[in-house]
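Right, one structure below, let's go through it.
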Amino acid sequence: MHAVIIGSGLVGAATALALKQVGIEATLYDQVDLFQAAIAAKGAPVAVEFGESGGSVLIASIGLRVLRTLGLLDEVMASSYPSPTTNWFKIDGSSPITLNASKVAKDCGENEEVFQTSVQILRSKLHSIMMQACNRAGIRCFTGKKFVCYSEMESGVTVEFEDGTTAAGDFLVGADGIHSATRRAIFGDSSKAEFTGAIGHIGVVRTKEHNITLKETCAFYLEREKKQTAWTFKISDDLAAVQVMTFNDPKPSEGNDYRPVADLPKESSRLADMMAEWGVPKHVEEMMRRSFRISPAAIYDLPDLSTYHKGRVILSETLLTERFRMQVSVYDWS
Ligand SMILES: Cc1cc2nc3c(=O)[nH]c(=O)nc-3n(C[C@H](O)[C@H](O)[C@H](O)COP(=O)(O)OP(=O)(O)OC[C@H]3O[C@@H](n4cnc5c(N)ncnc54)[C@H](O)[C@@H]3O)c2cc1C
């Protein structure tokens with residue numbers, strides 16, 4: 001049996017590896033086109049689109065369990081940083097609240113110690129570990145393959161890509177992220193992601209080089225009335241991520257795909273100045289100012305579906321947006 005998987009992000013790669021474990025071969029197809037990216041940059045430094053983009057991701061117990069099943073837990077643990085507490089502050093760093101996240105995981109029934117503490121990892125590192133595992137397992141990944149449509153026969157599916165080529169398999173997996181074209185192909189435009197109005201920017205900074213000391217591994221700074229948030233995450237002894245999110249960004253069209261900003265000095269100053277105006281602690285502002293990479297990300301929400309498959313097509317999605325929706329509702333940002 002053979003699966004055609006659209007999208008080679010974290011979910012596509014994990015799905016391919018999981019299918020391989022149960023004896024189903026899969027091939028990954030992603031729209032990312034490394035060659036076109038280099039041409040579009042017109043000689044300027046270009047981010048390797050499957051590599052150095054984005055910031056960090058937090059992996060909690062369920063994600064860690066998935067990684068163990070895929071045989072990747074040790075490798076991921078070796079490149080990640082434990083995040084046992086979550087700390088909340090007012091925007092200026094006052095009124096701290098500390099949540100012992102490891103204890104919460106234990107109290108919620110996570111009985112294996114190794115899974116009780118969440119970890120932070122550079123998203124690009126996690127992706128690279130998963131893509132290398134796919135490579136070792138003989139799972140092929142074709143880039144420059146933008147999914148356009150599919151047709152279903154009694155015996156299988158055929159997928160058409162924008163470049164006019166096709167791919168055939170026994171079934172199709174849509175793992176093409178929040179703006180999934182596969183989702184729309186099955187369930188129509190009403191199932192597409194809705195913009196929440198919030199724009200986030202994630203920076204990554206070398207803390208030692210800039211004498212930045214982070215006391216907390218995971219900290220959120222909030223101004224509820226003005227809907228302003230800044231977050232900091234420790235990724236390693238020398239790396240940290242800083243995220244800022246606002247509903248009032250003057251450049252709201254930017255950032256559907258986490259590609260790093262081209263004009264880093266201008267954007268890091270703009271965001272750091274904005275954060276200084278909000279009154280964030282100095283080290284948080286400094287983290288944005290000194291970031292060596294900043295990736296914008298507009299925040300979308302995905303409508304729930306009553307089913308995630310139809311015929312020979314299955315959608316493979318994460319609950320990341322669900323987590324964001326929970327955060328928004330916890331803070332009652334209506
Ligand atoms: C480059 C990048 C950097 C990110 N950085 C962060 C981060 O720092 N922090 C964070 O919390 N989240 C980040 N995210 C988002 C996070 O990885 C995902 O939201 C989450 O992991 C869900 O994974 P996914 O595989 O479903 O989607 P994604 O990781 O978004 O992957 C979807 C893949 O599908 C491909 N694709 C989309 N449309 C098509 C199409 N029509 N045809 C073919 N391929 C298609 C995309 O190129 C992408 O590689 C990032 C996503 C990307 C793509």
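As the structure lists them, so they are numbered: ligands from 1, and atoms in each ligand from 1. Sequence positions, counted from 1, serve as the residue numbers for this chain. These figures come from a predicted structure and were not determined experimentally.
Comparing heavy-atom distances from atom 27 (O) of ligand 1 across Gly63, Cys141, Gly177 singles out Gly177 as nearest. For atom 37 (C) of ligand 1, the nearest non-hydrogen atom from the set Asp176, Val32, Val11 comes from Asp176. Taking all heavy atoms of Leu58, Val159, Thr182, Asp30 into account, the minimum distance to atom 48 (C) of ligand 1 is reached by Asp30.
When non-hydrogen atoms are compared, ligand 1 lies under 4.0 Å from the backbone of Leu10 as well as from its side chain. With a 4.0 Å cut-off on non-hydrogen atoms, Val57 touches ligand 1 through its side chain and not its backbone. Residue Ser316 does not touch ligand 1, judged by heavy-atom distances below 4.0 Å. At a 4.0 Å heavy-atom cut-off, ligand 1 touches Ser56 through the backbone alone. When heavy-atom distances to ligand 1 are checked against a 4.0 Å cut-off, Glu317 has no atom that comes that close, whether in backbone or side chain. Contact annotation: for Gln31 versus ligand 1, heavy atoms closer than 4.0 Å belong to both the backbone and the side chain.
Relative orientation of the Tyr300 and His179 rings is perpendicular, given thresholds of 30° and 60° on the angle between their planes.
Panel note: side chain Arg312, backbone Glu152; no donor-acceptor pair is recorded below 3.5 Å.
A side-chain donor-acceptor contact under 3.5 Å links Asn87 and Thr85. Defined by atom type and a distance below 3.5 Å, a donor-acceptor pair is present between the side-chain atoms of Thr165 and Asp163. Looking at Thr213 and His283, their side chains never bring a donor and an acceptor atom within 3.5 Å of each other.
Near Ile6, meaning under 4.0 Å from any of its heavy atoms, are these atoms of ligand 1: 42 (N), 43 (C). Residue Lys145 has at least one heavy-atom neighbour below 4.0 Å for each of these atoms of ligand 1: 42 (N), 43 (C). Near Phe147, meaning under 4.0 Å from any of its heavy atoms, are these atoms of ligand 1: 40 (C), 41 (N), 42 (N), 43 (C). Remark: ligand 1 atoms within the under-4.0 Å shell around heavy atoms of Ile202 are 7 (C), 8 (O), 9 (N). Ligand 1 places these atoms under 4.0 Å from at least one heavy atom of Gly55: 7 (C), 8 (O). Interface of Gly54 with ligand 1, defined as ligand atoms under 4.0 Å from a residue heavy atom, comprises 5 (N), 8 (O).
Note: Tyr29 and Phe161 meet the aromatic proximity criterion, with ring centroids under 6.0 Å apart.
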Could you check Asp301 against Thr196 for side chain to side chain donor-acceptor pair (under 3.5 Å), going step by step and ending with a plain yes or no?
CA-CA 7 Å; Asp301 195 11; Thr196 60; over 6 Å; no
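Residue Thr27 is tested with Arg140, Lys145, His2 for a side-chain hydrogen bond (donor to acceptor under 3.5 Å, both in side chains); the sole match is His2.
Atom NZ of Lys20 has more than 12 heavy atoms from other residues, nucleotides or ligands within 6.0 Å.
In this structure, Asp273 pairs ionically with Arg289, as a charged nitrogen and a carboxylate oxygen lie closer than 4.0 Å.
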